[in-house]
Structures are given as structure tokens and as C-alpha cells.
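In what follows, a structure is listed as C-alpha cells, so that the remarks can point back to it.
The first residue of the sequence shown is numbered 1, and numbering continues consecutively from there.
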Amino acid sequence: MKEMINKRYPATNALLLVTMLLFGTMQVLRFGEATTAQTIYDFGGLYGRIVKLDPSQLWRLVSPIFIHIGWEHFFFNSMTLYVFGYQLEELFGSRRFLLLYFLSGMMGNIFILFLTPDAVAAGASTSLFGLFGAMVVLRYSSRNPSLQLLGQRYIALLLINLVLGFFNPEISLAGHIGGVVGGALATVFLPNPQEQDLFTNRKKRLALLLYVVLALGLVWGSIGL
């Protein structure tokens, strides 16, 4: 157990802990009904129609990252975060990794709000796909051969999972694509410490501006503030 939980990666460990605690609480408090749409919503899931009617619910663009629908969903996403979270936290550092994770997940949920508002959505996959998007960017921009090879493997995983999303109506393809977009943009303006000069300041500012404009534009288009 000591080797499984590496204290060098506090951000990933904290994300896993919060995810496990919330999932366990759902099972205890809503035993037998933990996968219902009402339970998912009550614990922080995203339901676009409600957010459209009540913009004070915009916090739900973040909270679904920690909520999962059933044991299979929980285990798959937790194991993916465990494996890839350690890798990317090593690259970006804990603070940048947390920002990357949340910015990816939020953009994914914004895409869900805008494109599929009738769905009750939850899960860390919006953030996890952002990690895939981050590695795709590094695959083509990094000067590190090892990082390029690792990025190539992430591309294969990304493509496989996107294809699976086309054939499974229970998977939020909008959320996954939004996560990739958010992660890719965040990778540019949150460069990893090992390659700080990977992108010019102009590219960093442009990526940040594009992220903000896209996020605000889709939210505006969804709720009509």
C-alpha cells in the first residue's frame, strides 16, 4: 500500500480521496438508488435544463468531476486518474496539474451544458480527457523524445475512447471532446516546469484568451445572461 500511494503526488491523491469519499457517501445514503438521475443530481451532477433556468447552479460545471454513476464508472475513472494523474503531476507539478484537471473538466461540462442540456451528466472523464488532450499537445510541441513517445501512446488511447463514445449512448461525447479542448488549451498557457519556454508568451496569451472566450461564449449561449 505504501508503494501504491505515492506522497510525491498530493494533488492526484487528494482528487482520488475526494472522489472515493463522495462515492462511498452516495452508496451509504442512497443505498439501492445511488445510480438514479435524482441521486446524481442531488450530489452535484449536471443537468443543463436546471442550470439554464437557474444560473446560480453554475457551480455544477465543476462538481460533476467528483460524482460517478455506478461501480464500473467509478473504478474505471479512478484507475485512469491514478495511472495518468501521477504521470502528468510529475510533468506539470501539483498546482499546475490541479489547474489543468479542473479547467479541462469545467470545459467538458460547459460543452455538455451547451450541446446536450437534457442529459444528467457526471464523472471525471471530462477532466481525464483533458489529460489526454494535454499529452497530444506535448507530443507535437515537446523537444523531449521520451515525452513525444509517451504522447504518442496517449493519442492512441484518446482515439480509441472517442470511437467508443460514438457507439455508446451512455457516454457523453460532448463532455469528452470539451475536455480535450480545455486540456489542450490549458497546456499551452500552463506550461510544464521542465519546458517553460515551449510556447511563446504570445501563444500563451492567445490560448488563455481562447479558453476564456470559448467558455464564456458557450455559457452565455446556453443560459442567455
Side-chain angles (χ1 to χ4, degrees), residues 1-24 26 62 64-109 121-142 144-165 168 170-173 175-187 190-195:
M1 179 63 70
K2 184 178 179 180
E3 294 182 355
M4 289 181 62
I5 305 300
N6 195 325
K7 294 181 179 179
R8 290 175 55 202
Y9 308 110
T12 300
N13 293 334
L15 291 170
L16 286 168
L17 179 61
V18 173
T19 299
M20 288 188 289
L21 288 175
L22 281 173
F23 186 77
M26 290 172 64
V62 175
I65 296 170
F66 298 102
I67 309 301
H68 289 85
I69 308 171
W71 287 92
E72 181 180 354
H73 193 210
F74 165 72
F75 277 123
F76 181 80
N77 280 351
S78 295
M79 287 305 300
T80 303
L81 173 58
Y82 174 76
V83 174
F84 297 132
Y86 277 10
Q87 290 182 349
L88 271 80
E89 188 171 350
E90 177 75 30
L91 289 173
F92 284 88
S94 298
R95 292 183 180 180
R96 284 186 176 90
F97 171 74
L98 272 179
L99 282 172
L100 172 64
Y101 193 82
F102 280 108
L103 289 171
S104 299
M106 187 169 66
M107 184 64 81
N109 287 319
S125 57
T126 50
S127 291
L128 296 175
F129 269 76
L131 303 187
F132 292 161
M135 289 305 299
V136 171
V137 171
L138 293 179
R139 163 63 181 87
Y140 293 106
S141 59
S142 175
N144 186 326
S146 298
L147 200 54
Q148 291 174 1
L149 178 60
L150 182 61
Q152 188 65 42
R153 294 171 180 169
Y154 271 80
I155 291 175
L157 288 170
L158 173 61
L159 293 176
I160 290 171
N161 281 280
L162 286 177
V163 169
L164 291 175
N168 189 341
E170 295 183 358
I171 294 177
S172 176
L173 189 59
H176 290 178
I177 293 174
V180 172
V181 172
L185 290 173
T187 302
L190 295 172
N192 68 81
Q194 301 174 29
E195 296 182 289

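In the displayed structure, F76 atom CZ is contacted under 6.0 Å by at most 12 heavy atoms of other residues, nucleotides or ligands.
The side-chain hydrogen bond (donor to acceptor under 3.5 Å, both in side chains) pairs that include a residue from residues 130-141 are R139-Q152, where partners are two or more places apart or lie in different chains.
Ring geometry for F66 against F102 counts as tilted: the plane angle lies between 30° and 60°, on a 0 to 90° scale. Under the 30°/60° scheme for interplanar angles, the aromatic rings of F129 and H176 are found to lie parallel.
To the nearest 0.5 angstrom, M135 atom CE is 8.0 Å from S142 atom OG. The line from CG of N77 to CD1 of I65 is 11.5 Å long, rounded to the nearest 0.5 Å. Atom-to-atom distance recorded for M79:CE and F84:CZ is 10.0 Å, nearest 0.5 angstrom. A distance of 10.5 Å separates CG of L131 from CG of L91, quoted to the nearest 0.5 Å. One distance of note links CG of L190 with CG of L98; it measures 11.0 Å at 0.5 Å rounding. Summarising the geometry, atom CG belonging to N192 is positioned 6.0 Å from atom CG belonging to L138; distances are rounded to the nearest 0.5 Å.
Contact between L100 and G183 at its shortest, heavy atoms only, is CD1-O, 3.7 Å. The two residues G93 and P193 come nearest to each other via the heavy atoms N-CD, 4.4 Å. Here the shortest heavy-atom pairing between S104 and G130 reads OG-CA, 3.4 Å. In terms of heavy atoms, A11 sits closest to S94 at CB-O, 3.9 Å.
Between T187 and V136, every side-chain heavy-atom pair lies at or beyond the 4.5 Å cut-off.
Looking at Y101, its side chain never comes within 3.5 Å of a backbone N or O of L15 through a donor-acceptor pair.
The residues E89 and R8 are annotated as not salt-bridged, no charged nitrogen and carboxylate oxygen being separated by less than 4.0 angstrom.
The side chain to side chain contact (heavy atoms under 4.5 Å, CB included) check on L16 picks up T12, M20, S78, L81, Y82, with sequence neighbours excluded. Here E195 pairs with nothing under the salt bridge (Lys or Arg N to Asp or Glu O under 4.0 Å) rule; sequence neighbours left out.
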